[in-house]
Amino acid sequence: MDIPSKYEPSLCEDKWYRYWSDNGFFKSVPDSRKPYTVVIPPPNVTGVLHMGHMLNNTIQDVLVRRARMKGFNACWVPGTDHASIATEAKVVAKLKAEGIDKASLTRDEFMKHAWEWKEKHGGIILEQLKKMGASCDWSRTKFTMDPDMNRSVIKVFVDLYNKGKIYRGVRMVNWDPVALTALSDEEVIYKEVHSKLYYLRYKVEGSDEYVIVATTRPETILGDTALCVHPDDERYKHLHGKRVTVPVVGRSIPVIADSYVDMEFGTGALKVTPAHDVNDYMLGEKYNLEVIDIFNDNGTINDKVGLYVGMDRFELRDKIAEDIAAASLMEKIEDYDNKVGLSERTSAVIEPKLSMQWFLSMGDISKPALKAVMDDVIELVPAKFKNTYRHWMENVKDWCVSRQLWWGQRIPAYYLPEGGFVVAETAEEALELAKKKSGNDKLTVADLRQDPDVLDTWFSSWLWPISVFGGILDPDNEEVKYYYPTSDLVTAPDILFFWVARMIIAGYEYRGTFPFKNVYLTGTVRDKQRRKMSKSLGNSPDPLDLIAQYGADALRMGMLLCSAAGNDLIFDEALIEQGRNFCGKMWNAFRLVKGWSVDEGASQPESAACAVEWFTSKLNATLSQVEAALAEYRISEALMMVYKLFWDEFSGWYLEMVKPAYGEPVDGATLKATIGFFDKLLKVLHPFMPFITEELWHYIAERKEGESIMIERMPEAEAADEKIISDMELVKEIVSAVRNIRKEKGLPLREKLSLVAPGGGAVPERYDSVVIKMAGLDKITADVKPEGALSFIVKGCEYFVPVTGAIDTEAEIAKLTADLEYARGFLASVMKKLSNERFVASAPEKVVALEHAKRADALKKIEALEQQIANLKR
RNA sequence: GGGAGCAUAGCUCAGUUGGUUUAGAGCAUCUGCCUUACAAGCAGAGGGUCGGGGGUUCGACUCCCUCUGCUCCCACCA
């Protein structure tokens, strides 16, 4: 077998992915094993893979691959989300570029364009996920607008409507004048902006007096229908019941008194525009004020008032300010910082707007979902998100589920010709209901008009863990009974409310139980300046480029190394380099072992026997630590443990211990043990780095067609001998000390040294051969202290390395004195505790005993150091 | 304005109910090595008064208070 000298990811990644896929290793069907289920957070159907996906899906793949290797029936369901606003915006933009205006199209024509776009660009991201090694069951791929998914959504809508949980009502909504749709509160981002506070003069009718009103939005005076003051405000008491004139507009409006007004802000007088401010709307309802909506849907002025018709809202702001000033009705203009709501999707300034929308009443159905998380039936990782979750759930508002878009599930409400509406899953069922409702048997489907709006995207994805298994349409099917509830959900905290909370709500409402057991919340991927990675900033590298450059395993490892749950991660290409270097290390370790010739009959050297015995324990100890870390989702730590195990313990120590002399063969027993260790290490590493581990696993032994590391059993931690591990740590310390002497004295490795350990020293005797091999010695003796030797102390025992030539006594003394000072300082700190009566009296016995042990150690060390210094001075 | 969280080596982070050798890791840095798997490497070294101050305790990175700085969530006083 010819082994390339370097690992080339590009040569084996596609090969192995195809192999896994062709052999059906990703596929899952219900069987007698325990299920381990993960549903992917469906990315936007027209999206492309970014670093956030990379992180998120790498974590999922680690969990899924590990579960699969632990004997679970692992099922990772992939899919995409129709992302109604985002996708429709893209299609509208694309049509616009082609000179087609959405308004000129019929709904059906538009949908045809949208589906064409989806077919062309949809699912690219799923192909990209394959590049990173995602072990999804692709035969289960779902799209939130698949026919069965649509039917699930509609069925749920009708069901909730019939339960009285969905209602229709006029509400102030967040209107996006670019996307021309209402947004939920969660889709609005508030941003601090510098703006101006305009002080306008409203003339009091029948008097020469003016009331000054401060506003940031002078253009809304077109819709003013009242002026409000605080009932207790002495400045304005005389105005109660009077009327004032709106500047420029000339409208006469009443002065009302309500304690809503903050007397401290501005002038203490508030203009009331019920159609364009949430709080004003409340005042309007309370005082039965006229509601004048002055805007068209796109943010221009309509003809309700007859002034400034067609002008954009921001142009009007400047224009009306000029006109007010020209009429001498502008008291002053101040600079002012306030927050403005922006659309998450289009960044347009949100216009509060009154409109008829559909709402889901959240109060009752969210209760079990709150309890589940508070009682840790569902665990959030990290747990700090419980607080955030509780706060949101306790103050949950009704969910505006309608969107004024075409791309999505159309609301199944049908309006009757004579008014009123019915809600049904199909037009035919609607017709029956309509006939009953109106008493008109002659009605036809054509007489009914379906609501033009579609449902919020999240109204389909909140069913995802159920609907992907057909659990809405056919609640008792075998699939959903087997796979639901799912095991882990991995997602970003910014969609905790949008998606996670609502899935939990839907889970209890439609399955009577939680949708997933654990929620792992990843951090946000940021650049070195801590800015969120985003397309608009252009600071996000393309994961596919990084895979091409470093390999998928390297990128996966780079992402995992810096990803403590819930913590933001500062992306740094150096981490991917680290991943790539680790791949190189694994590759080279393999090349070393593969290069050995074997003499099956040769007896195993003592050093190799020790090494095998030690690494067996070390490996098992680490395996149980890794298991413990992963059980707590400390994935980054778990990977680091395996990384160090492979690089330091296995490559740095074990392989060096068993490595035969140049040109010599290795004995059969040692080779077999080494291949066995390699096999286990590859398996533990496989979930993190699937490609290189598969490649090497096929190299380290003969494999039959259809065999794969990804379906092998994960090695389980067996008992580890702690004594062997700690003995070897001692050996390592001694070896390091000798190496240090070499380094300080510039003694080359080929020059054999000898070590003298008077009285036997602390090296466990059987490890002599290891020390000799690793430190480059010719022998270890138990002679008396030699003259002209350098020395060191490990665990209170003195060791000597005889050297030829003069020893720099002064330098040695200085070094030893420094050590001595440290030891004395340490002793002092111990003595301080031990001489404190209250410490001895109140500290636990164990702690006191430990301090005594520390004291004994320190005294021993001090004595040895003093002895050494004395010897040198002689 | 309300709430939550964070602050430990140059960087990214561990540090589990306060006591495990006067704080650990990885990366980076410095020094020496092309030693026959690997210079994308090997061997060694340096680096932190655990954000400031106060308190509780025999003992505080760990608990409490306070200040400073940062982050996130919620609210949205015009």
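None of these values were measured; they are calculated from a predicted model. Atom set for the values below is all heavy atoms of this structure, side chains included, hydrogens, waters and symmetry mates excluded.
A salt bridge links Glu649(A) with Lys732(A): at least one charged nitrogen is closer than 4.0 Å to a carboxylate oxygen. Between Glu851(A) and Lys854(A) there is a salt bridge, with a side-chain nitrogen of the basic residue lying less than 4.0 Å from a carboxylate oxygen of the acidic one. In summary, Glu351(A) and Arg217(A) engage in a salt bridge, as defined by a charged side-chain N under 4.0 Å from a carboxylate O. A salt bridge is absent between Glu744(A) and Arg742(A): the closest approach of a Lys/Arg side-chain nitrogen to an acidic carboxylate oxygen does not fall below 4.0 angstrom. Classification of Glu632(A) and Arg634(A) as a salt-bridged pair holds, one side-chain N sitting under 4.0 Å from a carboxylate O.
Across all strands shown, Ser736(A) has heavy atoms under 4.0 Å from sugar-phosphate atoms exclusively, and none from any base. Among the heavy atoms of the strands lying under 4.0 Å from Arg739(A) are primed sugar atoms or P, OP1, OP2 only; no base atom is included. Using a 4.0 Å heavy-atom distance criterion, Asp277(A) is classed as making no nucleic acid contact. Nucleic acid contact for Asp572(A): none, since no nucleic acid atom lies under 4.0 Å from a heavy atom of the residue. Across all strands shown, Glu656(A) has heavy atoms under 4.0 Å from base atoms, whether or not it also approaches the sugar-phosphate. Backbone-only engagement by Leu850(A) is indicated by non-hydrogen atom pairs under 4.0 Å involving sugar-phosphate atoms exclusively. Within the 4.0 angstrom heavy-atom criterion, no nucleotide atom of any strand lies near Tyr550(A). Counting non-hydrogen atoms under 4.0 angstrom, Lys397(A) reaches the backbone sugars and phosphates but no base.
Secondary-structure stems of RNA chain B, taken as three or more successive Watson-Crick or G-U wobble pairs (i with j, i+1 with j-1) under a 3.5 Å distance threshold, comprise B:1-7 with B:68-74, B:10-13 with B:24-27, B:29-33 with B:41-45, B:51-55 with B:63-67.
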Hey, what are the protein-to-nucleotides 55-61 of chain B N/O distances that come in under 3.5 Å?
unit_1	atom_1	unit_2	atom_2	d
C58(B)	OP1	Arg838(A)	NH1	3.1
C58(B)	OP2	Arg838(A)	NH1	3.4
C58(B)	O2'	Asn836(A)	ND2	2.6

Got a list of protein N/O to nucleotides 31-36 of chain B N/O distances below 3.5 Å?
unit_1	atom_1	unit_2	atom_2	d
U31(B)	O2	Lys743(A)	NZ	2.5

Under 3.5 Å, which protein N or O atoms sit close to an N or O of nucleotides 69-72 of chain B? Give each pair with its distance.
none

Protein-nucleotides 26-30 of chain B N/O pairs under 3.5 Å:
unit_1	atom_1	unit_2	atom_2	d
G26(B)	O2'	Gln578(A)	NE2	2.5
C27(B)	OP1	Tyr643(A)	OH	3.2

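For the C1' atoms, the distance linking C6(B) with U12(B) amounts to 15 Å, nearest Å. Straight-line distance between the C1' atoms of A23(B) and U66(B): roughly 26 Å, to the nearest whole Å. C50(B) and C34(B): their P atoms are spaced 42 Å apart (whole Å). A gap of 15 Å separates the P atoms of U71(B) and C13(B), to the nearest Å. Separation of the P atoms belonging to A14(B) and G5(B) is 16 Å when rounded to the nearest angstrom. When the C1' atom is used for both U68(B) and G53(B), the distance is 11 Å, rounded to whole Å. If you take atom C1' in C11(B) and the same atom in A28(B), they sit 7 Å apart, rounded to whole Å. Nucleotides A39(B) and G59(B) are separated by 48 Å at their C1' atoms, to the nearest Å.
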Run the side-chain donor-acceptor check on residues 547-558 of chain A: report pairs under 3.5 Å with partners two or more places apart or on a different chain.
unit_1	atom_1	unit_2	atom_2	d
Tyr550(A)	OH	Glu573(A)	OE2	2.8
Asp553(A)	OD1	Phe691(A)	N	3.2
Asp553(A)	OD2	Phe691(A)	N	3.3
Asp553(A)	OD2	Ile692(A)	N	2.7
Arg556(A)	NE	Phe688(A)	O	2.9
Arg556(A)	NH1	Asp61(A)	OD2	2.8
Arg556(A)	NH1	Met132(A)	O	2.8
Arg556(A)	NH2	Asp61(A)	OD2	2.9
Arg556(A)	NH2	Pro687(A)	O	2.9

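A cation-pi arrangement, defined by a distance under 6.0 Å to the six-membered ring centre and an angle within 45 degrees of its axis, is absent between Lys196(A) and Tyr336(A).
Ring geometry for Tyr643(A) versus Trp647(A): interplanar angle of 30 to 60°, hence tilted.
For a distance-only test at 3.5 Å, the side chain of Glu744(A) fails to qualify as a donor-acceptor partner of the base of A45(B).
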